[in-house]
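Labels below follow one simple rule: chain letters A, B, ... track the order of the sequence lines, proteins then strands, and each chain is numbered from 1.
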There are 2 protein chains.
Amino acid sequence: MNIGEAAKATGVSAKMIRYYESIGLMPKVVRTGAGYRVYSSNDLHTLRFIRRARDLGFAIESITRLLRLWQNRSRSSSQMKSVTTEHIGALRQRIAEMESMVRTLEHLAKHCHGDLRPECPILDDLAKPDTKAAPAKARSRPGVFRAVRA
Amino acid sequence: MNIGEAAKATGVSAKMIRYYESIGLMPKVVRTGAGYRVYSSNDLHTLRFIRRARDLGFAIESITRLLRLWQNRSRSSSQMKSVTTEHIGALRQRIAEMESMVRTLEHLAKHCHGDLRPECPILDDLAKPDTKAAPAKARSRPGVFRAVRA
DNA sequence: ATGGGGTTTCCCATGATGGCAGGGTTGATG
DNA sequence: CATCAACCCTGCCATCATGGGAAACCCCAT
């Protein structure tokens with residue numbers, strides 16, 4: 001099975017398959033004499049695993065852990081659960097931040113006439129001369145926010 | 001006012017101030033003979049505007065539009081409102097996606113014992129042999145998800 | 001044997017941000 | 001006046017996951 005077929009079969013682009021291999025997320029697969037990658041059904045299984053984890057918003061780093069647990073017969077389900085609940089927590093936090101933005105924006109938009117006049121409370125708010133910076137928030141792991149492969 | 005003072009006064013890091021200038025979001029400010037940037041209270045006002053817009057999750061591209069409207073006396077509030085509602089829509093969509101992830105993850109985690117045994121429904125789900133790819137979603141503008149400056 | 005459609009590697013770009021290095025400036029103190 | 005710390009400048013690199021493209025190579029069918 002070529003990389004293109006593997007891509008079609010798993011929903012992971014060839015580009016990403018190579019990338020996952022390059023960063024050690026996927027094991028190096030067998031090559032033909034000419035250097036073409038060859039995928040076994042086992043490899044396809046791993047790729048689908050990765051895709052599903054990405055779809056659930058797991059960062060690559062977490063997927064590395066998930067894969068290790070998957071292949072580790074002496075794992076404990078508590079390890080799986082902790083990776084998962086940690087991720088849920090990160091998602092929830094991010095959702096809360098975004099909901100707070102939405103609330104503010106809606107409040108502002110509600111009071112904006114949306115007509116031909118230039119006055120606009122949204123602008124007034126952004127242009128307020130004295131507001132303090134938002135409280136510093138933890139730098140969020142990007143993986144959490146981009147589970148969506150176009 | 002030096003860039004460092006401007007940074008303290010506005011909550012935008014010096015690095016970002018230079019960056020905003022380099023991409024044309026901020027106008028080029030006056031320089032001293034030695035090349036130091038000098039910030040007027042007008043410039044500070046603009047920087048605070050930018051920071052607040054970032055805190056609300058607007059992408060740089062949208063902030064460019066917001067700034068133009070701010071400085072355009074013949075703007076209409078409907079233009080402001082449309083930039084805003086568009087942004088609200090993007091946030092809402094992303095929130096919905098993440099909530100869907102959370103729902104799935106919680107469902108899986110709920111059925112995971114979290115003990116010393118290796119069986120885990122989370123793993124079972126990720127390792128399912130036949131699931132289809134998630135429906136293709138619109139590539140999301142990164143700006144929407146990272147309003148949080150550390 | 002030729003061509004079209006695979007594949008390989010390598011480099012570049014994204015967006016917003018931080019970090020570092022190497023060099024110039026400024027102001028205060030000895 | 002010399003020195004030193006604390007600024008500032010530019011430029012480059014890194015992040016994270018992903019796509020795009022080029023140049024070269026390979027495989028198969030006509």
Side-chain angles (χ1 to χ4, degrees), chain A residues 1-8 11-26 28-39 47 50-51 53-64 90 94 133-134 136-150, chain B residues 1-8 11-26 28-39 47 50-51 53-64 90 94 133-134 136-150:
Chain A
M1 199 134 177
N2 273 345
I3 197 170
E5 299 169 275
K8 248 175 252 170
V12 181
S13 75
K15 211 71 198 235
M16 280 303 101
I17 296 179
R18 292 194 198 98
Y19 173 68
Y20 293 154
E21 183 183 319
S22 81
I23 62 172
L25 183 58
M26 275 289 291
K28 294 196 179 174
V29 299
V30 175
R31 304 278 191 131
T32 66
Y36 281 28
R37 289 170 179 83
V38 176
Y39 292 86
L47 284 171
I50 293 172
R51 182 182 54 65
R54 288 296 295 139
D55 287 347
L56 288 173
F58 283 102
I60 297 286
E61 195 199 340
S62 306
I63 300 179
T64 306
R94 189 59 184 156
K137 290 157 200 160
R139 193 91 180 91
S140 38
R141 293 172 301 141
V144 173
F145 313 125
R146 29 183 41 249
V148 186
R149 307 176 329 292
Chain B
M1 199 134 177
N2 274 344
I3 198 171
E5 299 171 275
K8 250 176 252 171
V12 182
S13 76
K15 207 73 200 238
M16 280 302 102
I17 296 178
R18 292 194 199 99
Y19 173 68
Y20 293 154
E21 182 183 319
S22 82
I23 63 171
L25 182 58
M26 275 289 291
K28 294 196 177 170
V29 299
V30 175
R31 305 277 191 130
T32 68
Y36 282 27
R37 288 171 181 82
V38 176
Y39 292 85
L47 284 171
I50 293 172
R51 182 183 53 67
R54 288 296 295 139
D55 287 346
L56 288 172
F58 283 102
I60 297 286
E61 195 200 340
S62 306
I63 301 180
T64 305
R94 187 59 182 158
K137 289 156 198 159
R139 193 92 179 90
S140 38
R141 293 171 302 140
V144 172
F145 314 124
R146 31 185 35 249
V148 187
R149 306 174 330 292

[X] side chain N/O closer than 4.0 Å to the phosphate oxygens (OP1, OP2) of [N]?
| X | N | value |
| --- | --- | --- |
| B:Ser13 | C:dT17 | no |
| B:Tyr19 | C:dG18 | no |
| A:Arg54 | D:dT18 | yes |
| A:Asn2 | C:dG6 | no |

Rounded off to whole Å, could you give me the [atom1]-to-[atom2] distance for the [X] and [N] pair?
| X | N | atom1 | atom2 | result |
| --- | --- | --- | --- | --- |
| A:Ile17 | C:dT7 | CD1 | P | 9 Å |
| B:Met26 | C:dA16 | CE | P | 16 Å |
| A:Arg18 | C:dT8 | CZ | P | 5 Å |
| A:Met16 | D:dA17 | CE | P | 10 Å |
| B:Tyr20 | C:dG18 | OH | P | 9 Å |
| B:Ile50 | C:dG15 | CD1 | P | 16 Å |
| A:Met1 | C:dT7 | CE | C1' | 15 Å |
| B:Ile3 | D:dC7 | CD1 | C1' | 11 Å |

Query - Within-4.5 Å side-chain heavy-atom neighbours: A:Arg54 and A:Met16 - result: no
Between atom [atom1] of [X] and atom [atom2] of [Y], what is the distance when rounded to the nearest 0.5 Å?
| X | Y | atom1 | atom2 | result |
| --- | --- | --- | --- | --- |
| A:Met26 | A:Ile63 | CE | CD1 | 12.5 Å |
| A:Ile17 | A:Arg51 | CD1 | CZ | 11.0 Å |
| A:Ile23 | A:Glu61 | CD1 | CD | 10.5 Å |
| B:Ile60 | B:Tyr20 | CD1 | OH | 4.5 Å |
| B:Thr64 | B:Ile50 | OG1 | CD1 | 8.5 Å |

Query raised in the report: For A:Thr32, which residues count as a side-chain contact (heavy atoms from CB on, under 4.5 Å) partner, sequence neighbours excluded?
Result: A:Ala34, A:Tyr36, A:Val38
Query - Set of residues satisfying side-chain contact (heavy atoms from CB on, under 4.5 Å) with respect to B:Lys15, sequence neighbours excluded - result: B:Ser13, B:Arg18
Which protein N or O atoms sit under 3.5 Å from an N or O of nucleotides 19-21 of chain C?
residue: C:dG19; atom: N7; partner: B:Lys15; partner atom: NZ; Å: 2.8
residue: C:dG19; atom: O6; partner: B:Lys15; partner atom: NZ; Å: 2.0
residue: C:dC20; atom: N4; partner: B:Lys15; partner atom: NZ; Å: 2.9

Report summary line: Across all chains, not counting sequence neighbours, the side chain to side chain donor-acceptor pair (under 3.5 Å) partners of A:Glu5 are none
Query - Nearest non-hydrogen partners of B:Ala14 and B:Ala7, listed with the distance - result: N-CB, 3.7 Å
Query - Residues within residues 30-38 of chain B bordering DNA chain D, heavy-atom distance below 4.0 Å - result: B:Arg31, B:Gly35, B:Tyr36, B:Arg37
Query raised in the report: Using rotation axes that map the C1' atoms of four end pairs onto the next four (five pairs an end), what angle separates the end axes of the helix from C:dA1-D:dT30 to C:dG30-D:dC1, to 10°?
Result: 40°
